[in-house]
Amino acid sequence: AKSRRLSLFSCTDSHVVTMPFTRNIELGRVCLVNLACDPLYGKLVVIVDFVDMNRVLVDSPNITRCVISLRRLAITSLVVDLQEQRTPDAATLAAAMKACDVEGQWAGSAWGKKIAKQAARKNLSDFDRYKVMVARVKRSALIKKALK
Amino acid sequence: LSFPSHAPSQCALCCSGSLHQTPTMPQSAASAAVKRSRFYPAEDVRTPLNRNFTRKPTKLRSTITPGTVLIVLAGRFRGKRVVFLKQLESGLLLVTGPFAVNGVPLRRLNQVYAIATQLKVDVSGVNLPASVDDTYFKKAKKSKGKKSEEDFMAQGAAAAAGPIVSEEKKTLQKAVDAAIVGALAADEKAYLKSLFSLSKNDKPHDMKF
């Protein structure tokens, strides 16, 4: 869910000042490693601590906790509730991620679906590509017929 | 000087054959048949190089197993998808369309010109006689006799009629086809009928077959 942070200067409820930026770099933020040459490319990681302005410590159940540059990350709209505890241990992190259902939310999101679709297309065998071609030809024939 | 005693065929270093002799001390006149001469020839004598390796059988790619559908990349049937049957003695692959499906007969194919796809067809029902080997596919030698004018005129018609295939080959092809086609699903059959080609955004190194 999108969370909008209140500006420090809002005084009444009727005018809630919202920031144009909603995906903050914060504890528990789920990010996607976006640099192809990085060994973690394509993985979802959670920010568990900060090193400096450009680097953060990330962790995930399947990886070894490591420092990574923010430039290599694409920030998602998902946040894991870590109860303001920096660098949780593996079990706590896994439990928190399960509680927020990171996997399920990601799989249901448009971004996650797009990545899954790209991966599926890349893994098509020659026979699969043939079947897709047949299906597309059939579908377009139906569409053309319907448009007549 | 004593030369190491080894068989002439095993020596890669000493090129001159005349130097290969097991030294016998003392050398009698009788055993001096290959006696080492004091002088070597004025002109270099060519000795043949040793070629004593044993040919290893061609290694079959691990992705190619009996029943694998292969994409033919070169030759008369390029682009066709064929079924692999077995590897012959020469290392070439024995494949067939099947002929009834896409017109590729029992034929040999070099695995270098084949892409193995992930689709495997059931070929357990195919019984290939032992006579189907490399000699089965060898082209018959054309007799070089004197040709008369009639023969010359008949050449064109013979070429247009196509190659003469023996009845034996035809019956074998039919039997093999029946065994393979029987195990094919409808979409697999249509797939074998279709041709492979690359289109604009295809990157073969990125594609899975």
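Any value given below was found using the heavy atoms of this structure, including those in side chains, with hydrogens, waters and symmetry copies removed.
Counting non-hydrogen atoms of neighbouring residues, nucleotides and ligands closer than 6.0 angstrom, the CD1 atom of A/I143 exceeds 12 such neighbours. Residue-environment remark: CZ (B/R61) exceeds the threshold of 12 foreign heavy atoms within 6.0 Å. For A/L142, the CG atom is densely surrounded, since the number of other residues' heavy atoms within 6.0 Å is greater than 12. Remark: A/K131 NZ is packed, more than 12 non-hydrogen atoms of other residues, nucleotides or ligands lying under 6.0 Å away. B/K120 NZ: more than 12 foreign heavy atoms inside a 6.0 Å radius.
The distance from atom CZ of A/R121 to atom NZ of B/K208, rounded to the nearest 0.5 Å, is 15.5 Å.
The side-chain tip of A/R129 does not point at the ring of B/Y191 from less than 6.0 angstrom away and within 45° of straight on.
Chain B forms more heavy-atom pairs under 4.5 Å with one residue of A/D128, A/L124, A/V134 than with any other, namely A/L124.
Residues B/L119 and A/F127 come closest through the heavy atom pair CD1-CD2, 3.7 Å.
In this structure, chain A has a heavy atom under 4.5 Å from the side chain of B/I71, while its backbone stays farther away.
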